[in-house]
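Here is the structure we will look at, set down as structure tokens.
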Amino acid sequence: AISRVTGRQILDSRGNPTVEVDVELTDGSIGRAAVPSGASTGANEAVELRDGDPRRFHGKGVSRAVAAVNGEIAAAVTGLDAEDQTLVDTTMVELDATKDKGRLGANAILGVSLAVVKAAASAHRLPLYRYVGGVGAQLLPVPMMNIVNGGAHADNPLDFQEFMIAPVGAGSFSEAVRMGSEVFHTLRRQLAAAGHSTNVGDEGGFAPTFGDADEALRFVVRAIEESGYRPGADITVCLDPASSEFFRDGAYVYAGEGRTRSVDEHIAYLLELAGRYPISSIEDPMAEDDFTGWRALTAQAGDRLQLVGDDVFCTDADRLQAGIDGGYANAILVKVNQIGTLTETLRTVDTARRAGYRVVLSHRSGETEDTTIADLAVATGCGQIKTGSLSRSDRTAKYNQLIRIEEELGASARYAGTSS
Ligand code: PGA
Ligand code: ZN
């Protein structure tokens, strides 16, 4: 049973405060989890509670969320069986009693939820992926590695937020990491040779002053080729334009390019890029409230492109079901802090699976050294993970954990590859 719950304020990868929770069980087992934080957040995400006191951390302190962990939540979950994750999570959801978890804070609730499952895994002397996923948890995900950062994650004029590479042709996860790292360093060399900055953005990808997506894609494809890999066969390209960020009054405003595209022009542009480059997946191609756009794009390209809903679904099973019923997207990005508990996260993964939607486990642009999502990707066998570039320890920590998991699984480990 849960015997102690301790919350504290630590820093995330952007130097902003976030919540960390330790949970101790009566047998002495301990679980620790830290909560991530987004920059291009969906409008319907569970709410992270911030203090709003401008004199401390510019208003971004989380001392109220920490107080909720140490006070109300600790009182409610102490004594509960840590193996009954559903009960623990339901207890917190009911205690909060708001739809968006804004009273206690989704950051407070998620920290406890993840620390509890980690303590329970430790009590069973099992690695987290095995405790959550059972003996069948042997599938290593294809990483979508974000090697060029734009949008809300960088100070450059790039309208699109993320340009990623997915080493689908690797024979193993560790080989995928090697391929990604090689392309990353080749790209650095090419950028430097072209007189571009090689500084990195929030997710560890380069953030040069590219003028448009075309320029970024040209560099990425050239880096894949010069590293000795076949674009489209060994390594595909994935985009996250994060289109909600530049959708205004029914149109897509490309501020960096200095032009506006109508919904139809935006769709045509995305499909044109997908035709000219080896693009396998586009996340948030349409804005979170542009449902007609989502439907139109899915009808046109859903059979040949992975279309991943991030902001539009916010990891919420009901919102996902609306997309399944309404015919938009064919995959979902799953972020634990968008919904706020492990139980609800796994329910959303289940809903996606049953509908034949693909699942991509994801980090946030604000991360910590916590590697829970690496284990969850293997536990769910979802086949894909998005966790940033090949630099910054907040990103590589997840890759490193997956390397360890692959080693531990030994001969039984399988790499999702093209089947993802
Ligand atoms: P965020 O961005 O974590 O800043 O919301 C990630 C994404 O849009 O996928
Ligand atoms: Zn996204």
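Keep in mind the model is a prediction, meaning the values are calculated, not measured. Positions are given from 1 along the sequence. Start at 1 and go down the list; that is how both ligands and their atoms are numbered.
The shortest separation from a heavy atom of D311 to ligand 1 is not under 4.0 Å, leaving the residue out of contact. At least one heavy atom of S40 sits closer than 4.0 Å to an atom of ligand 1.
Side-chain N/O atoms of Q384 and Q306 include a donor and acceptor closer than 3.5 Å. Side-chain contact of T343 with D89: a donor-acceptor pair under 3.5 Å is present, judged by distance alone.
Between K386 and E162 a salt bridge is recorded (basic side-chain N to carboxylate O distance below 4.0 Å). One finds a salt bridge joining D370 and K118 here, because a Lys/Arg side-chain nitrogen approaches an Asp/Glu carboxylate oxygen to under 4.0 Å. Using a cutoff of 4.0 Å between basic side-chain nitrogens and carboxylate oxygens, R32 and D22 are scored as salt-bridged. One finds a salt bridge joining R364 and E45 here, because a Lys/Arg side-chain nitrogen approaches an Asp/Glu carboxylate oxygen to under 4.0 Å.
Around atom 3 (O) of ligand 1, the closest heavy atom drawn from A152, G366, G151, S365 belongs to S365. Of the options R364, E245, K335, R14, the smallest heavy-atom separation from atom 6 (C) of ligand 1 is shown by K335.
Under the salt bridge (charged side-chain N to carboxylate O under 4.0 Å, His left out) criterion, E182 pairs with R178, sequence neighbours left out.
Nearest protein neighbour of atom 8 (O) of ligand 1, counting heavy atoms only, is Q161 NE2, 2.9 Å. Of the protein's non-hydrogen atoms, K386 NZ, 2.7 Å is the one closest to atom 9 (O) of ligand 1.
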(message) Test side chain to side chain contact (heavy atoms under 4.5 Å, CB included) on V117 and V132; report intermediate values, then the result.
(response) CA-CA 8 Å; V117 74; V132 175; 3.8 Å; yes
(request) Given side chain to side chain contact (heavy atoms under 4.5 Å, CB included), test N107 with L49 step by step and report yes or no. (result) CA-CA 7 Å; N107 42 357; L49 189 62; 3.8 Å; yes
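Protein N/O/S atoms closer than 2.8 Å to the Zn ion (ligand 2): D240 OD2, E283 OE2, D310 OD2.
Looking at ligand 1, you won't find any N or O of E45 less than 3.5 Å from one of its N or O atoms. Checked by distance only, ligand 1 and S362 stay at 3.5 Å or farther apart across all their nitrogen or oxygen atoms.
Of the listed residues (D310, D311, T41), just one forms a side-chain hydrogen bond (donor to acceptor under 3.5 Å, both in side chains) with S244, and that residue is D311.
Neither the backbone nor the side chain of D284 comes within contact range of ligand 1; no heavy atom lies under 4.0 Å. Counting heavy atoms under 4.0 Å from ligand 1, residue A242 does not touch it at all. Residue contacts with ligand 1, taken as heavy atom pairs separated by less than 4.0 Å, involve D240 solely via side-chain atoms from C-beta onward. Of all the heavy atoms of H363, none lies under 4.0 Å from any atom of ligand 1, so neither backbone nor side chain is involved.
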